[in-house]
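Start at 1 and go down the list; that is how both ligands and their atoms are numbered. These values consider heavy atoms only, across backbone and side chains, with no hydrogens, waters or symmetry-generated copies.
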Amino acid sequence: MQAQAENRFDLLVVGGGINGAAIARDAAGRGLSVLLVEQDDLAAHTSSASSKLIHGGLRYLEQYEFSLVAKALAERDVVLNSAPHIVRPLRFVLPHEPHLRPEWMIRAGLLLYDHLGRRRAHTLLRSRRADLREHVAGKPLKAQFETGFIYSDAWCDDARLVVLNALDAQARGAEILTRTRCVRAQRGEQGWRAQLRQNDSASRHIEARALVNAAGPWATSFLDKVAHVPHAHSLRLVKGSHIVVPRLYEHHYAYTFQQADRRIVFAIPFERGYTLIGTTDIEFTGTPEAVRIDADEIAYLCAAANRYFAHAIAPADVVWSYSGVRPLLEEEGVTASEVTRDYLLDFDGGAGAPLLNVFGGKITTHRRLAEDALDRLAPALGNTHGAWTADERVHLPGGEFADTQHSSEEAFDRFLLATMRRYPWLPADLAQRYVRAYGTRVERVVGAANTLADLGERFGADLHQAEADYLVREEWACSADDVLWRRSKLGLRFDVKEQQRLEKYLEGSPQ
Ligand SMILES: Cc1cc2nc3c(=O)[nH]c(=O)nc-3n(C[C@H](O)[C@H](O)[C@H](O)COP(=O)(O)OP(=O)(O)OC[C@H]3O[C@@H](n4cnc5c(N)ncnc54)[C@H](O)[C@@H]3O)c2cc1C
């Protein structure tokens with residue numbers, strides 16, 4: 001089955017966001033030879049700009065998107081089990097207000113949400129009503145919020161999820177090329193010929209029996225300008241932005257604030273010491289790489305938080321922000337926040353070599369999307385391996401400490417304890433950060449170190465040379481941004497000089 005020659009592959013995947021990385025992983029695990037190309041860093045675009053929730057999407061119940069919610073909730077369990085280091089349960093508090101639906105109706109919606117999500121019931125707590133005058137989550141809110149509803153979803157480090165999918169794809173034989181753009185793709189009867197350009201240097205020409213277009217917000221421009229293939233679907237690009245402020249409260253709950261314009265804004269505990277607030281929904285017509293938050297969005301998000309929290313915030317409190325473009329499937333006559341978040345896989349196997357276009361999708365459903373994609377592609381490539389990624393025994397790299405006897409949180413705590421015993425010299429905060437980010441791969445980061453000093457130079461915050469070296473050697477990191485804003489969020493704790501020092505160090509690293 002595997003195409004052996006160096007420049008011949010079964011599958012070329014264009015795009016190293018979550019969808020491309022997950023498809024590469026699934027395909028490699030089925031024994032196909034795979035090349036994934038990403039023009040920037042892995043997760044450089046939409047896949048590091050999400051709200052980072054693995055969720056069914058409570059608000060989609062109101063839009064009667066039951067099948068999307070059920071599919072997403074089923075995935076929540078699978079992803080919690082496969083990557084319990086970077087994915088963790090999160091409890092949300094929804095304060096009740098007169099402009100919302102009546103209490104009984106919200107309660108019924110949450111019961112439905114619990115029911116749709118009940119596969120391994122022990123993993124997540126069920127929803128309930130809470131008296132916010134008594135509950136800890138009521139403390140930071142204005143006194144008028146007396147009643148709330150508490151429900152479960154999950155949180156995920158989106159950018160690391162992409163890297164872990166790419167790592168697993170590579171471990172199963174795929175070639176992963178970052179900073180490599182597919183500049184030309186030509187379809188033949190038997191396969192595709194593609195021209196790849198790395199960092200504007202010399203071109204590489206490859207052949208692939210099938211092509212996956214997982215270019216996210218670029219998916220249609222890839223078809224128009226690179227592959228020159230006509231297509232029936234168009235994308236609606238919808239910008240979403242988040243702000244980060246010093247933490248507004250100490251506890252671990254997140255909040256779901258339904259705005260008077262019916263949009264939902266989340267406030268989520270972020271990176272020990274911060275609160276993440278988002279998102280907006282704004283039609284976007286520019287080029288995706290030019291997406292930036294604007295002053296109106298910052299003002300909107302501050303006002304959204306100020307409607308609920310007793311402590312008011314202002315644009316000057318914002319320490320970081322990010323924006324991304326949702327590549328949504330175009331639907332006529334609906335607003336930006338109403339466009340479906342479900343995905344469409346457009347398989348074109350007719351006129352020549354197979355082409356699969358990915359339109360839309362969510363971080364939450366990436367694994368299922370990849371499985372569906374391979375179920376379409378595999379027959380065209382004569383592959384009979386079958387689906388494999390939903391198996392409870394299959395984990396993303398670092399997640400192997402999960403077991404079926406314990407919830408993902410219990411398994412995490414047990415592994416953290418074991419790691420602290422193994423490396424008693426690691427400060428507790430650092431051990432916790434390493435285990436959250438790397439899981440069982442912590443040993444690849446620490447290497448042969450026996451003391452903190454053995455981890456080498458400290459660049460800033462708690463980033464040591466050993467971790468930076470690991471990220472360059474094993475996780476495709478090339479620049480300070482790759483390390484500080486995607487492989488971690490240590491950028492929040494680095495000053496400009498420290499960033500420059502790290503950048504200089506990475507420029508000298510063999511990559
Ligand atoms: C504000 C916001 C909040 C969100 N919140 C959530 C959430 O909480 N939960 C959730 O499940 N989902 C969420 N999503 C949705 C989710 O983030 C996206 O659906 C998902 O990240 C899309 O991934 P992708 O791989 O399709 O696109 P991308 O991540 O953009 O990846 C596409 C990649 O293709 C590359 N590329 C393009 N053209 C080429 C070429 N010619 N050669 C090589 N590479 C190329 C690009 O550089 C890019 O990295 C959110 C999205 C946004 C914007």
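- Aromatic ring centres of His242 and Trp320 lie farther apart than the 6.0 Å criterion allows.
- More than 12 heavy atoms of other residues, nucleotides or ligands shown are found within 6.0 angstrom of CZ on Arg436.
- Residue, atom and distance of the protein heavy atom nearest to atom 27 (O) of ligand 1 are Gly216 CA, 3.5 Å.
- A donor atom on one side chain and an acceptor atom on the other are found under 3.5 Å apart for Thr389 and Arg367.
- Exactly one of Phe149, Tyr249, Phe92 qualifies for a ring-ring contact (aromatic ring centres under 6.0 Å, His included) with Tyr255. That residue is Tyr249.
- Note that Arg487 lies outside the cation-pi zone of Tyr438, set by a 6.0 Å cut-off to the ring centre and a 45° limit from the axis.
- Per-residue contacts place Gly240 under 4.0 angstrom from the following atoms of ligand 1 (heavy atoms of the residue considered): 1 (C).
- Heavy-atom contacts of Gly324 reach the following atoms of ligand 1: 53 (C) (cutoff under 4.0 Å).
- Inter-residue side-chain proximity for Tyr300 and Gln259 is flagged as met; some heavy-atom pair is nearer than 4.5 Å.
- The CD1 atom of Ile54 sits 7.0 Å away from atom CD1 of Ile363, with the distance rounded to the nearest 0.5 Å.
- In this comparison of Val79, Asn213, Thr46, the heavy atom closest to atom 18 (C) of ligand 1 sits on Thr46.
- By the 3.5 Å distance cut-off applied to N or O atoms, Thr180 is not counted among the residues near ligand 1.
- Counting heavy atoms from C-beta outward, Arg326 and Thr279 have side chains that approach closer than 4.5 Å.
- Contact atoms of ligand 1 toward Gly361: 18 (C), 19 (O) (distance under 4.0 Å to a heavy atom of the residue).
- With a 6.0 Å cutoff to the six-membered ring centre and a 45° limit on the axis angle, Lys71 counts as a cation-pi contact of Tyr343.
- Of the protein's non-hydrogen atoms, Gln39 OE1, 3.7 Å is the one closest to atom 39 (C) of ligand 1.
- The nearest non-hydrogen atom to atom 11 (O) of ligand 1, considering only Leu369, Val226, Leu177, Thr364, comes from Thr364.
- The proximity of Ala49 to ligand 1, defined as any non-hydrogen pair under 4.0 Å, is limited to the backbone.
- The contact set between ligand 1 and His55, taken as ligand atoms under 4.0 Å from a residue heavy atom, comprises 7 (C), 8 (O), 9 (N).
- Residue Ser51 holds the heavy atom nearest to atom 5 (N) of ligand 1 of all those in Gly278, Cys156, Ser51, Ala43.
- When only interatomic distances are considered, the shortest N/O to N/O separation between Asp41 and ligand 1 does not fall below 3.5 Å.
- Residue-to-ligand polar distances keep Phe222 apart from ligand 1: every N/O pair is separated by 3.5 Å or more.
- The number of heavy-atom neighbours closer than 6.0 Å to CZ of Arg193, taken from other residues, nucleotides and ligands shown, is 12 or below.
- Using a 4.0 Å cut-off to heavy atoms of Thr279, the atoms of ligand 1 that qualify are 1 (C).
- In plain terms, the two heavy atoms of Ser323 and Ala49 that are nearest each other are O-CB, 3.6 Å.
- Residue contacts with ligand 1 leave out Thr365, since none of its heavy atoms falls under 4.0 Å from the ligand.
- Atoms of ligand 1 found under 4.0 Å from any heavy atom of Lys52 (numbered from 1 in listed order, with element): 8 (O).
- Residue contacts with ligand 1, taken as heavy atom pairs separated by less than 4.0 Å, involve Ala214 solely via the backbone atoms N, CA, C and O.
- Only the side chain of Val14 comes within contact range of ligand 1, with a heavy atom under 4.0 Å; no backbone atom does.
- Ligand-side atoms of ligand 1 in range of Leu53: 7 (C), 8 (O), 9 (N), 10 (C), 11 (O), range being under 4.0 angstrom from any heavy atom.
- Here the protein heavy atom with the shortest distance to atom 53 (C) of ligand 1 is Arg326 CG, 3.2 Å.
- Among protein heavy atoms, atom 49 (O) of ligand 1 sits closest to Glu38 OE1, 2.7 Å.
- Remark: side-chain polar atoms of Thr364 are paired, donor with acceptor, to backbone N or O of Leu53 under 3.5 angstrom.
- Atom 17 (O) of ligand 1 has its closest protein heavy atom at Ser50 CB, 3.5 Å.
- For atom 24 (P) of ligand 1, the nearest protein heavy atom (residue, atom name, distance) is Asn19 ND2, 3.7 Å.
- If you number the atoms of ligand 1 from 1 as listed, the ones under 4.0 Å from a heavy atom of Ile363 come out as 10 (C), 11 (O), 12 (N), 16 (C), 17 (O), 21 (O).
- The side-chain hydrogen bond (donor to acceptor under 3.5 Å, both in side chains) test with Arg486 singles out one residue from Asp158, Asp157, Asp481, Asp41, and that residue is Asp41.
- Counted within 6.0 Å of CZ on Arg272, heavy atoms from surrounding residues, nucleotides or ligands total more than 12; the atom is thus considered enclosed.
- Between the side chain of Trp155 and the main chain of Val87, no donor-acceptor pair closer than 3.5 Å is present.
- The shell of residues lying under 4.0 angstrom from ligand 1, judged by heavy atoms, excludes Glu289.
- Scanning the protein heavy atoms around atom 42 (N) of ligand 1, the nearest turns out to be Cys182 N, 3.0 Å.
- Residue, atom and distance of the protein heavy atom nearest to atom 22 (C) of ligand 1 are Ser47 OG, 4.0 Å.
- Side-chain atoms of Glu474 never come within 3.5 Å of backbone atoms of Leu471 as a donor-acceptor pair (strictly under, hydrogens ignored).
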